[in-house]
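We name chains A, B, ... by the order of the sequence lines, and we start the count at 1 in each one. Since we're looking at a predicted model, the values are computed, not measured.
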2 protein chains.
Amino acid sequence: MKISTKGRYALRLMVDLAEHQNGDPVPLKEVAERQEISSKYAESIMAILSKGDLVIAERGKSGGYRLSRDPSSYTVGEILTLTEGSLHPVACLEEGARCPREGNCRTLAMWQRLDRMLAEFFNGVTIEDLIEKEDWSDYVI
Amino acid sequence: MKISTKGRYALRLMVDLAEHQNGDPVPLKEVAERQEISSKYAESIMAILSKGDLVIAERGKSGGYRLSRDPSSYTVGEILTLTEGSLHPVACLEEGARCPREGNCRTLAMWQRLDRMLAEFFNGVTIEDLIEKEDWSDYVI
DNA sequence: ACAATTACCTACCAATCCAGTAGGAAAAAA
DNA sequence: TTTTTTCCTACTGGATTGGTAGGTAATTGT
């Protein structure tokens, strides 16, 4: 039950791009240094974000990455789904998965409830929220 | 971001024990068969529950396992914590972990909020709930 | 034109976790 | 004393995690 570094770092890379956007693309090296993530590892994560069209890459000198949309339009859910593969907390709720015992499983309903709760949480938080929001103590989904 | 089979099966073993308690200990073989879990694997999971004092084991003929307390007193949270090791969704929130970047991490507060939400969810559901509760659609933590 | 800078690509690695399985020893009751 | 049960140690193949290494392709500033 853990979000891996890949997903966590992806969020930080996205936040960093959002905070440092000025029209020009931001080189990965700068982002990685600010976030204290090895640039090689950051590179492999940024590649996922780029292939998923969450960021736009520009090669060559004075190239780098930039967000493709407004920070407020990115949800934490979509970033984590892309990098982690899925946000379902149990295998039985995976896309296309069907448990043969689902008819008499006493735990399935609880997992479904949790699944919905997580989806609502993750899809309710945006990159902009991560930057702006100071106090999360009263945040309710 | 997955609860492993160990945790999921542990819940089902506990529910099965709760549903079939009649004063006598229930042999693991029966539980495993009903739950369609290989008895060898079920054995290794039950050993964890036994060492954690969530169930009482009785050896020898006519032995087996029984719950040590009332089903309503077991929370899903304690069972998963025992079997999964922890329920914290990110490594930075682990017991004793301290991230050196915590002062300027834009994601920490969100993780803390999620952590609290998960704890409240898991500690709010009991084995009895798993057996009794039909409709979870309106369940709120 | 060319050197510098950037993203892109393939391949590799050690360590850990996952989901079990195998084979017996110890305890207790019938 | 046989049978039934839990308990214990060890093993395993495969996947995932958290990276690293080294080179290729594109683009631009000089």
Novice: Please tell me which of B:Glu43 and A:Gly60 maps to the more 5' nucleotide of DNA chain C, matching each residue to the nucleotide holding its nearest heavy atom.
Specialist: A:Gly60

Novice: Taking the side chain of A:Lys61 as its heavy atoms from C-beta onward, which of D:dT6, C:dT5, C:dA7 lies nearest to it?
Specialist: C:dT5

Novice: Find every protein N or O atom lying less than 3.5 Å from an N or O atom of nucleotides 17-19 of chain C, and list the pairs.
Specialist:
| residue | atom | partner | partner atom | Å |
| --- | --- | --- | --- | --- |
| C:dA19 | OP2 | B:Thr5 | N | 3.1 |
| C:dA19 | OP2 | B:Thr5 | OG1 | 3.0 |
| C:dA19 | O5' | B:Thr5 | OG1 | 3.4 |

Novice: In terms of heavy-atom contacts, does NZ of B:Lys6 have more than 12 from other residues, nucleotides or ligands at under 6.0 Å?
Specialist: no

Novice: Counting just side-chain N and O atoms, does B:Ser38 come under 4.0 Å of either OP1 or OP2 of C:dT21?
Specialist: yes

Novice: Can you check the A:Glu58 CD to D:dG29 C1' distance for me, whole Å?
Specialist: 16 Å

Novice: Quickly work out the B:Leu49 CG to D:dC7 P distance and round it to whole Å.
Specialist: 11 Å

Novice: Using atom CG of A:Asp24 as one end and atom P of C:dA7 as the other, report the distance to the nearest whole Å.
Specialist: 13 Å

Novice: Provide, to the nearest angstrom, the distance between the CD1 atom belonging to A:Ile45 and the P atom belonging to C:dC8.
Specialist: 15 Å

Novice: Does A:Lys40 get its side chain close enough to the base of D:dG18, under 3.5 Å, for a donor-acceptor pair?
Specialist: no

Novice: Restricting to non-hydrogen atoms, name the atom on A:Leu87 and the atom on B:Met1 that form the minimum distance, rounded to 0.1 Å.
Specialist: O-CG, 4.2 Å

Novice: Report the distance from atom CD of A:Glu30 to atom C1' of C:dA7, rounded to the nearest whole Å.
Specialist: 14 Å

Novice: Select base, sugar-phosphate, or nothing to describe what B:Ala57 touches, counting heavy atoms under 4.0 Å on all strands.
Specialist: sugar-phosphate

Novice: Distance check needed: D:dC7 C1' versus B:Ile56 CD1, whole Å only.
Specialist: 17 Å

Novice: If you only use heavy atoms from C-beta on, which nucleotide in C:dC8, C:dT6, D:dT6 is closest to the side chain of A:Arg59?
Specialist: C:dC8

Novice: Any side-chain N or O of A:Ser44 under 4.0 Å from OP1/OP2 of D:dG18?
Specialist: no

Novice: For A:Tyr9 and D:dG19, is the shortest distance between a side-chain N/O and OP1 or OP2 below 4.0 Å?
Specialist: yes

Novice: Using heavy atoms to find the nearest nucleotide of DNA chain D for B:Val26 and A:Ser62 separately, return the residue whose nucleotide is more 5′.
Specialist: B:Val26

Novice: Measure from OH on B:Tyr65 to C1' on D:dT4 and round the result to the nearest Å.
Specialist: 13 Å

Novice: Name the one of A:Val26, A:Leu13, A:Ile48, A:Leu49 that satisfies side-chain contact (heavy atoms from CB on, under 4.5 Å) with A:Val55?
Specialist: A:Leu49

Novice: Taking atom types as modelled, find out whether A:Ser4 and A:Glu84 have a side-chain donor-acceptor pair closer than 3.5 angstrom.
Specialist: yes

Novice: For B:Glu94 and B:Ser86, does a side-chain donor sit closer than 3.5 Å to a side-chain acceptor?
Specialist: yes

Novice: I'd like to know if the side chain of B:Tyr9 pairs up with that of B:Thr83 as donor and acceptor (distance under 3.5 Å, no hydrogens or angles considered).
Specialist: no

Novice: Under 3.5 Å, is there a donor-acceptor pair linking the side chains of A:Tyr74 and A:Ser68?
Specialist: yes

Novice: Output the rounded distance in Å from NZ (A:Lys29) to P (C:dC8).
Specialist: 17 Å

